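Following: one structure in structure tokens, then a few remarks.
Note that this is a predicted model, so its numbers are computed, not measured.
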Amino acid sequence: MEQHLNDFFRADYMPHGHCFLWRPDILWLNVLSDALIATAYFTIPLVLYLFVRQRPDIRFGWMLYLFAAFILCCGVTHLFGIYVIWHGAYGYHGLAKLLTATVSISTAYVLIRRLPDALAMPNLSEYSQHKEMAYRAELDRLELVREQERLAMVRLAVEGSPFGMLVTDASGHIRMVNSALTRMFGYSEQELLNEHVNMLLPTEQRSRHRKLVEEISIGARSSGLMTSRLVYGVARNGDKIPVEVTLHRSEVDDEVRVFATVVDISERLSYQARLVEANNRFERVISGSRDAPWEWHPKDNSNWFSPRFHELLGWPAQVPGHFDTWIAHVHPDYHDKVMEHLKSHIEQHSKYDINYLGLAADGTYHWFNTRGDSQRDENGNIVIMSGVISDIQEEKEMEAAVMHKTAFLESVFAGASCGLLVLDWEEDDKVSISAVNQRFSILLGDQAGDLEGQELHHLAQSDERGVMARLQALLFGSAMEAEQGSPVGFLFQTQDHWVQIDVHPISDAKGEWFRVIVSASDVSELKQAEEELEEALQEKVSLLNEVHHRVKNNLQIVSSLMDIQSRQVKKEDLAVMSDLKNRVRAMALIHELLYQNDSLGSINLQSYVQRLVNLIGDTLNHSSREQLTLDIQAGRGELNISINQMVPLGLLICEAVTNAFKYAFSGRPGKLTISMKREDARLQLAICDDGPGFDAELFEQASLTSHLGFTLMKTFAKQAGFAIQVDGSQGTCIYLTEQASNSD
């Protein structure tokens, strides 16, 4: 087998050129012909391949590829035909032919099989017709696509519209709605489709609307755009919605369609209501205001005058709105001034605000103020000028009155008998002198011109007498802490005079100072009189102290005489003498405290009671006094009492303490508690011991013949202006309460 294959692919067989006897003409004729044929066979498949690639729409394009393969194989056989002329490789040549035969048979077979399909292909005329039909079909398809795109855009526009839209048929049944309408009424699209449009209307409007739809459907009304109508729709929840409906009738595919645009005008009506209310409010404000609006159009020299303007100037409603009409009411003396001011505003853009005399509604000339501003174009020319006019007659009269009053106050300020200085309190606690009268300058030895406009701290540094420094310290010290209206000041002496400086601050609504009035008064005569009075007072005080001292000494002498007399009386009368001696010493102690104190009219009750108890204890029984525990309880502050109350009150306390020593602490230690306080401006005292006590009825039934001590206590309490109560259940307690009549 191997030998057979080797023989088959041998190339040493007799070349084909021997058949031509190597004649050059025959040989090259065959060689060139085969070469040209092979070139053509190789070119044609390439062209077919490129054709099919460029024309993918060609039917049976794959058959052209098969034809290209068949032609390519044929070209290969022709190349082998040239090769075997010189080389005897007939085996290879035969294989090339076999390949070509296989491809050729396959091509022939496929061609025969596809012959009916090829015959069914249209000819040129039919192709043209089919091509025309295909072109028209493509145009129809493109038109359909464009129509679909247009409908999609329309649908998007309808769905995206903020206005509700719906389409009904001739009978009024809904065929199409957009999302805005469903949101407006609260229905879904499925709930509205095929329903009558009257379901969206109130019951009272349905018959009228049904008739209107019928007129539009049958063409009784114009098929064009219907005039917008304001109606009320009914939402799904029953709320009424004010809407504006615009209807349009059209025929689509020979069917009547009514297109409706529904606009919710709730906000518009609300805005209109607010606008009307704002306009009414503006008119009310203008009518109640003193200002009257106006407008001026320089282009045609026309004016608009508000009703308030007519009322202010007393013009009837038919007065022409013209610039000359207004200028005629200006007083002749102010005509040129007003025109110059207006010209300055027009040409130099100055502020338009002027006062002038003009004829008012009452027929007299009043002071008026007119002010305004202008709107200008890009060239600076006035397009419109607007402003207000006001009757300022009252302000002018008040201004004149204020000027008159100011002149009067200035004359009072300048001619005041006391010196006056006005300080202005500025930011950062800067104090400067804004005004000073001549009298103040004379008292201080300065000139008014030297003080005005200067700052206080500069004057304080340069004033050798220290007056301004003391004033500055007062303003930033005790004057700020003083209560409103309280007098604050100081006294200083010049070479010949005593001068009293008083500060009177003026506060704003926040309580902060913005101005201070300083007055200076010559108090030399008052100072001299005060010194003389002080000297006389010292003399009287000395005399009164001497009187109290002598009274006290006399009472002490009486007490000493009683001590001497006590040695000669019977033993049973010693107690009476001792009680009488204690009463005398109680009165003497009052006079002793009076001349020892600075106050001549009152005595400190705590000090008096302390000394009186010790004195009584030493007098009665020194050993009992050592066994006594004394507890004096006093409220807050000093308890001072007048001498008129102190004499009987001291005798009463003396009786109560004496009884305690006699009956409560006789032969035993004890505790005596004396409390005193003021409540509601009334003095309250309590004298209590821890003794055996007694029957309270004895105090109530006491008389001069029995229980003299109790009788004296009741008498002394009445003289001192106190109510007295006694409790003997647990020890003895005597309660004293100052009566209202003596509370002062």
Side-chain angles (χ1 to χ4, degrees), residues 268 270-406 508-509:
R268 186 198 305 174
S270 176
Y271 175 76
Q272 289 177 350
R274 293 196 301 270
L275 187 62
V276 170
E277 175 60 25
N279 184 65
N280 293 337
R281 186 182 299 111
F282 175 75
E283 290 183 355
R284 290 194 299 269
V285 170
I286 291 301
S287 62
S289 172
R290 298 172 55 190
D291 298 335
W294 53 263
E295 285 185 349
W296 176 45
H297 300 268
K299 185 176 182 180
D300 57 0
N301 209 25
S302 62
N303 281 73
W304 170 81
F305 301 118
S306 64
R308 174 62 180 157
F309 195 102
H310 286 255
E311 179 184 350
L312 199 62
L313 272 63
W315 291 353
Q318 63 272 18
V319 170
H322 198 272
F323 180 80
D324 295 338
T325 308
W326 168 72
I327 202 66
H329 105 103
V330 179
H331 193 281
D333 294 344
Y334 286 84
H335 182 276
D336 294 340
K337 181 180 178 181
V338 170
M339 294 302 296
E340 283 293 329
H341 188 73
L342 179 60
K343 182 179 179 181
S344 176
H345 171 74
I346 295 173
E347 297 179 354
Q348 303 177 16
H349 297 197
S350 62
K351 182 180 179 181
Y352 183 71
D353 191 343
I354 186 173
N355 298 335
Y356 67 92
L357 278 176
L359 194 61
D362 59 2
T364 62
Y365 283 100
H366 285 197
W367 279 101
F368 288 90
N369 170 264
T370 181
R371 57 196 180 277
D373 204 354
S374 302
Q375 297 181 11
R376 302 173 184 265
D377 57 19
E378 60 276 5
N379 298 323
N381 299 320
I382 295 179
V383 178
I384 186 173
M385 185 176 179
S386 56
V388 293
I389 185 174
S390 309
D391 188 334
I392 59 171
Q393 182 65 24
E394 293 184 3
E395 286 85 343
K396 282 291 185 179
E397 293 175 354
M398 291 178 61
E399 181 181 346
V402 169
M403 292 179 64
H404 178 73
K405 189 173 183 179
T406 301
D508 56 16

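With contacts defined as side-chain heavy-atom distances shorter than 4.5 Å, the pair W294/M385 qualifies. Within the 4.5 Å cutoff, side-chain heavy atoms of P293 are placed close to those of W304. Considering only heavy atoms from C-beta on, M339 comes within 4.5 Å of I327 through its side chain.
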Verify ring-ring contact (aromatic ring centres under 6.0 Å, His included) between F368 and H329, making sure each step is shown before the conclusion.
-> CA-CA 11 Å; F368 288 90; H329 105 103; 5.4 Å; yes
Which is it for W326 and F305 under the ring-ring contact (aromatic ring centres under 6.0 Å, His included) test, yes or no, and what are the steps along the way?
-> CA-CA 9 Å; W326 168 72; F305 301 118; 8.2 Å; no
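Residue E277 places its CD atom among more than 12 non-hydrogen atoms of other residues, nucleotides or ligands, all under 6.0 Å distant.
Taking all atoms of both residues into account, the shortest heavy-atom contact from L313 to L359 is CG-O, 4.1 Å. Contact between S344 and S350 at its shortest, heavy atoms only, is OG-OG, 2.9 Å. The minimum heavy-atom distance linking A292 with S306 is given by the pair C-OG, 3.9 Å.
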Exercise answer: donor-acceptor pairs, residues 395-404 side-chain atoms, under 3.5 Å, sequence neighbours excluded:
| residue | atom | partner | partner atom | Å |
| --- | --- | --- | --- | --- |
| E395 | OE1 | R290 | NH2 | 2.6 |
| E395 | OE2 | R290 | NH1 | 2.5 |
| E395 | OE2 | R290 | NH2 | 2.4 |
| E397 | OE2 | Q393 | NE2 | 3.2 |

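Ring geometry, Y352 versus H345: the interplanar angle falls from 30° to 60°, so the pair is classed tilted.
A side-chain donor-acceptor contact under 3.5 Å links D362 to the backbone of T364. Under a 3.5 Å cut-off, the side chain of H297 and the backbone N or O of K299 do not form any donor-acceptor pair. Using a distance-only test at 3.5 Å, with no hydrogens or angles considered, a donor-acceptor pair links the side chain of N303 to the main chain of F323. Side chain of H310 to backbone of P316: a donor-acceptor contact under 3.5 angstrom is found.
In this structure, OG in S374 is found 8.5 Å from NE2 in H349, a value given to the nearest 0.5 Å. Between D353 atom CG and N355 atom CG the span is 6.5 Å, to the nearest 0.5 Å. I392 contributes atom CD1, which lies 11.5 Å from atom NE2 of H366 (distance to the nearest 0.5 angstrom). Note: S302 OG to I384 CD1 = 8.5 Å, rounded to the nearest 0.5 Å.
V388 pairs with exactly one of T370, D291, N369 by the side-chain contact (heavy atoms from CB on, under 4.5 Å) rule, that one being D291.
With sequence neighbours excluded, the residues forming a side chain to side chain contact (heavy atoms under 4.5 Å, CB included) with I346 are W296, L342, I382, listed by chain and number.
Under a 4.0 Å N-O distance rule, the pair E311/R308 qualifies as a salt bridge.
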